[in-house]
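Data block below; observations after.
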Amino acid sequence: MAARFNPLEADAHWQKVWEERGTFHASDSSGKPKAYILEMFPYPSGRIHMGHVRNYTMGDVLARFRRMNGFEVLHPMGWDAFGMPAENAAMEKKVHPGAWTRSNIETMKGQLKRIGFALDWSREIATCEPDYYGHEQALFLDLFEAGLVYRKQSEVNWDPVDMTVLANEQVIDGRGWRSGALVERRKLSQWFLKITDFADELLDGLGALDQWPDKVRLMQENWIGKSQGLRFRFDLTAPVPDREGTPLAPLPEREGLGVGQPEGGSMPASGSHAASEGGPDPIEGPEPQPTPGPSLAGRGISSFEVFTTRPDTIFGASFAAIAADHPIAQALADRNPAAGAFIEDCKRGGTTAAELETAEKKGFDTGLRVRHPLDSACELPLYIANFVLIDYGTGAIFGCPAHDQRDLDFARKYGLPVTRVVAPTPEEAADPIGDEAYTGPGRLVNSRFLDGLTAQDGIREVIARAEADGWGEGTTVWRLRDWGVSRQRYWGTPIPIIHCDACGAVPVPREQLPVVLPEDVSFDIPGNPLDRHPSWNKADCPSCGGSARRETDTLDTFVNSSWYFIRFASQPADAPFDKAAAESWLPVDQYIGGVEHAILHLLYARFWTRALNRIGRLGVEEPFKGLFTQGMVTHPSYSRKREGEERPIYFTPDEIARRPDGSAYLTASGEDVIVGRVEKMSKSKRNTVDPDEIIDQYGADAVRWFMLSDSPPERDLPWSEAGIEGSWRFVQRLWRLASEAAGGSHSTWLGGDGEDKPLARKLHQTVAAVAANIEALAFNKAVANVYELANAIEKAAPSPTRQQAIESLILLVAPMVPHLAEAAWASLDRDGLIADAPWPEVDPALLIEDEVTIAVQVNGKLRDTLTAAKGAAKDDLEQLALASDKIQRVLEGKAPRKVIVVPDRLVNIVA
RNA sequence: GCGGACGUGGCGGAACCGGUAGACGCCGGAGACUUAAAAUCUUCUGCCCUUCGGGGCGUGCGGGUUCGAGUCCCGCCGUCCGCACCA
């Protein structure tokens with residue numbers, strides 16, 4: 001056995017052995033209990049980074065550990081291969097997005113293989129290939145047929161220079177991130193998935209996900225945002241003339257805003273269904289929403305609806321307010337320039353965090369009045385207000401200044417009355433409201449028939465009365481919006497729809513799937529190349545056979561990642577998945593990835609799974625039984641900022657040398673640089689460390705070990721040269737221990753005789769502790785356990801126990817440093833691969849110590865320790881403690897007033 | 001603003017259910033081996049005082065509960081994350 005472990009040889013050798021033997025191929029039919037371990041698949045951006053290494057190492061340890069414990073493990077890998085960076089690369093580097101993506105995949109796959117992950121590469125998926133996205137199109141049509149897909153007008157951020165839609169993150173200070181052009185709001189007809197139909201079950205389902213971090217569950221809960229309350233109608237004292245000759249402004253939400261026409265007070269809202277380009281669109285929104293015809297136009301609006309979670313405070317109302325985009329506001333703008341100007345002003349307001357923080361509450365008094373629903377003699381002024389959101393509830397509110405801070409700020413500014421209607425105690429019923437709205441508990445006051453009720457009872461009472469009298473109803477409002485999946489992009493899954501002037505939007509017939517992206521596209525001109533493709537976008541209407549246009553929007557990349565875990569579990573050629581095969585693996589037992597996906601990806605995947613379940617395609621409700629969100633790999637950044645330079649220049653770690661005092665300078669010039677804070681590795685800060693270079697230098701096992709060491713996996717891991725050096729040293733230490741146990745040095749242990757009981761205890765305790773810690777994903781603790789055992793073995797005298805301990809130690813580290821473990825296993829002349837070896841058994845008898853150290857305290861302060869047999873009687877411990885010289889000295893002859901004995905732990909003498 | 005997490009040596013962190021705070025690793029000191037260096041091994045390493053027996057202090061700050069608090073309760077301070085005018 002070589003004196004030093006040589007990872008360059010060993011890594012490649014064992015990786016080849018695993019591959020040749022198909023060691024990590026998951027069998028659907030082995031009969032063993034199944035475990036599905038999954039890490040979030042990477043976007044093929046170019047190269048693997050340390051964050052990937054950390055993420056996949058954690059999953060790998062768990063996967064290998066489960067295998068050793070007798071599970072049939074599915075541990076697959078693939079590529080989230082559609083997305084904008086490929087198009088950006090196409091524009092910048094003049095390469096086809098497909099070529100760029102596929103070449104990145106090749107590179108990254110090679111990198112992953114060098115780290116020795118126990119992956120079943122036979123199930124590899126790339127979402128950009130037709131054999132994946134074709135099935136996605138089929139699933140889209142399934143949802144379409146089930147009525148879970150619809151089309152509606154929606155606002156997007158439009159970059160007029162790049163002629164493309166921008167995500168919110170790509171709009172910086174109102175300008176496109178790439179072009180710098182002022183972004184416009186445009187309405188486009190787009191496809192939506194009815195995730196709001198699942199809002200209730202997505203919320204309820206969170207309760208059963210007890211192996212998810214509370215943080216993520218809470219974030220999803222807030223995102224779904226369920227609010228219960230009262231939706232009710234305000235009647236205007238005089239109707240507002242409607243916008244002339246035109247339908248009311250299209251509404252962003254499928255639920256109308258409850259704007260009433262004069263004769264039909266309860267008529268549904270005006271529609272958002274401006275027919276899509278050219279012809280009738282047979283695909284209705286969830287609620288058919290008739291557009292007011294010419295006959296209705298001009299007759300005016302006589303009422304509107306508001307939503308409140310606090311109907312109990314209704315007698316505290318002192319004004320009503322509507323959003324700037326509300327139909328009434330729009331109608332007023334037509335005839336009142338001041339109103340129009342105010343609305344424009346509202347729209348100009350920034351949307352950044354800082355601006356909202358300081359944004360002043362502003363309103364425009366429309367001069368209109370609404371009748372209080374419970375007191376027709378009471379009239380309230382109607383404002384257009386900048387803090388009312390058109391997207392939430394009904395886009396209109398009633399203002400109760402005494403018990404809502406925003407309303408209070410608003411009322412103070414415009415001199416509106418502030419009436420307390422909730423008081424913590426009866427004595428405080430007449431107390432005036434200061435600068436802070438009262439939102440605490442109490443009973444209702446100044447509220448006529450509600451007086452004396454709690455808020456809860458008041459809410460119930462007002463809703464009951466509204467429903468009985470027909471002016472409102474109890475309702476639930478969600479923050480969650482339907483999922484808009486249309487992207488005006490090339491590099492995505494084509495939406496399998498054909499638009500026909502005569503028949504509307506018609507699904508592509510199943511036998512014509514996949515709708516394959518054309519390869520002959522160019523990115524020389526801005527805009528979506530599918531739109532200007534000479535032939536691809538033309539098709540025959542599947543319904544009438546006439547000439548028609550293919551949908552040129554593609555699906556949001558989050559659709560790709562919403563079902564890839566199902567395709568991993570089962571991948572027939574002719575269907576997205578086989579139901580029974582998929583169900584045999586799902587749900588994923590442990591899913592590991594970054595917390596940045598806590599909301600969107602995980603919510604969409606949950607929705608998609610539930611949608612498939614509802615339509616009978618899959619008998620699984622939740623895709624991920626266990627979820628773990630790991631921390632980032634961080635590193636200090638180094639920068640220099642000279643006088644007059646606008647932004648700092650960053651340097652890579654290898655351009656830098658550190659001084660003992662922690663300061664840093666450029667190796668080349670000696671110039672001082674600023675040591676930045678330890679933060680996420682990123683290209684822009686140039687504080688990345690390339691895994692390949694590290695593996696070249698230290699081998700895969702040292703990198704893996706470092707990824708698991710020290711930092712708890714959910715926290716950030718600071719990369720350090722010293723850390724990887726330490727891991728390298730430990731790998732070599734393990735190798736030396738293994739060498740001692742290997743054939744060549746048998747004499748070392750044969751010289752000893754008898755059993756080393758303390759070492760045996762330590763061994764069995766460690767086996768149990770490492771297993772428990774891996775199980776809990778507490779890898780840093782498992783690593784510490786291993787160190788302790790290694791220390792104990794090194795100190796122990798030669799004995800058969802020591803030999804046994806070394807062999808077990810190799811098994812314990814096999815999931816973490818698999819190459820070294822295989823090499824050591826082979827040198828021990830053991831049959832087969834350690835990857836297939838069982839986890840060492842634990843003798844429960846050896847987990848218990850027979851002697852314990854007892855702390856002896858006087859008045860809670862540690863004064864002595866003593867050794868006693870485990871389970872010693874309380875009286876004996878007390879006698880032993882009092883017999884101690886040290887204790888007697890501290891007591892100075894005083895008699896103890898009281899003695900507390902905790903068996904096997906401590907004795908505390910109260911003097 | 002709302003919600004959440006966290007705060008322990010020079011550093012990463014450990015500490016079961018309230019019971020010896022600082023496991024394990026890193027950095028650092030001293031020593032061994034070596035012509036020398038690297039590697040390796042031994043050993044020390046929370047802070048302060050010490051007559052080297054030991055003593056005092058110590059888990060962000062201030063209180064409290066308890067025989068006993070890093071852990072529980074109340075009030076502050078700070079850092080980080082998420083959401084953000086959500087009626």
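A, B, ... follow the sequence lines: proteins, then strands. Residue 1 opens every chain. As the structure is a computational prediction, the values presented were derived from the model and not from experiment.
A salt bridge is absent between A:D409 and A:R406; no separation between the charged side-chain nitrogens and carboxylate oxygens falls under 4.0 Å. Between A:R310 and A:D404 there is no salt bridge, since no side-chain nitrogen of the basic residue lies less than 4.0 Å from a carboxylate oxygen of the acidic one.
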Kindly list each side-chain donor-acceptor pair under 3.5 angstrom involving residues 854-871 of chain A, sequence neighbours excluded, with atom names and distances?
from   : atom 1 : to     : atom 2 : distance (Å)
A:N859 : OD1    : A:A911 : N      : 3.0
A:D864 : OD2    : A:S884 : OG     : 2.8

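Put simply, A:R715 has no side-chain N or O that comes within less than 4.0 Å of OP1 or OP2 on B:C80. Listed pair A:R729 / B:C27 meets the phosphate criterion, a side-chain N or O lying under 4.0 Å from OP1 or OP2.
When distances run from any side-chain atom of A:L389 to the nucleotides B:A87, B:C41, B:G4, the shortest one goes to B:A87. Comparing atom distances between the A:N791 side chain and each of B:G25, B:G4, B:C86 picks out B:G25 as nearest. Of the candidate nucleotides B:A87, B:G13, B:C41, B:G13 has the atom lying nearest to any side-chain atom of A:P712. Of the candidates B:A87, B:G13, B:C27, the closest approach to any side-chain atom of A:A722 belongs to B:C27. In this structure, the nucleotide among B:U40, B:G12, B:C57 sitting nearest to the side chain of A:R736 is B:U40. Here B:C83 is the nucleotide among B:C41, B:G3, B:C83 with the atom lying nearest to any side-chain atom of A:W223.
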Return a single string for nucleotides 15-20 of chain B, one symbol per nucleotide in 5' to 3' order, where B is base contact, S is sugar-phosphate-only contact and - is none, cutoff 4.0 angstrom on heavy atoms.
SB--BB
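As rounded to whole Å, 12 Å separates atom C1' of B:A87 from atom NZ of A:K361. In this structure, A:N222 atom CG and B:C81 atom P are separated by 18 Å, rounded to whole Å.
Each of A:Y414, A:F398, A:F410 was evaluated against A:F319; a single residue qualifies, A:F410, per the ring pair (Phe, Tyr, Trp, His ring centres under 6.0 Å) test.
Counting non-hydrogen atoms under 4.0 angstrom, A:V595 reaches nothing in the nucleic acid. Backbone-only engagement by A:N780 is indicated by non-hydrogen atom pairs under 4.0 Å involving sugar-phosphate atoms exclusively.
The CD atom of A:Q697 sits 8.5 Å away from atom CD1 of A:I724, with the distance rounded to the nearest 0.5 Å.
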Dot-bracket for RNA chain B, 5' to 3', with Watson-Crick and G-U pairs under 3.5 Å, [ ] for crossing pairs and | for other-strand pairs: what is it?
(((((((..(((......[....))).(((((.......))))).((((....))))..(((((..]....))))))))))))....
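When ring centroids are compared, A:H372 and A:F315 come within the 6.0 Å threshold.
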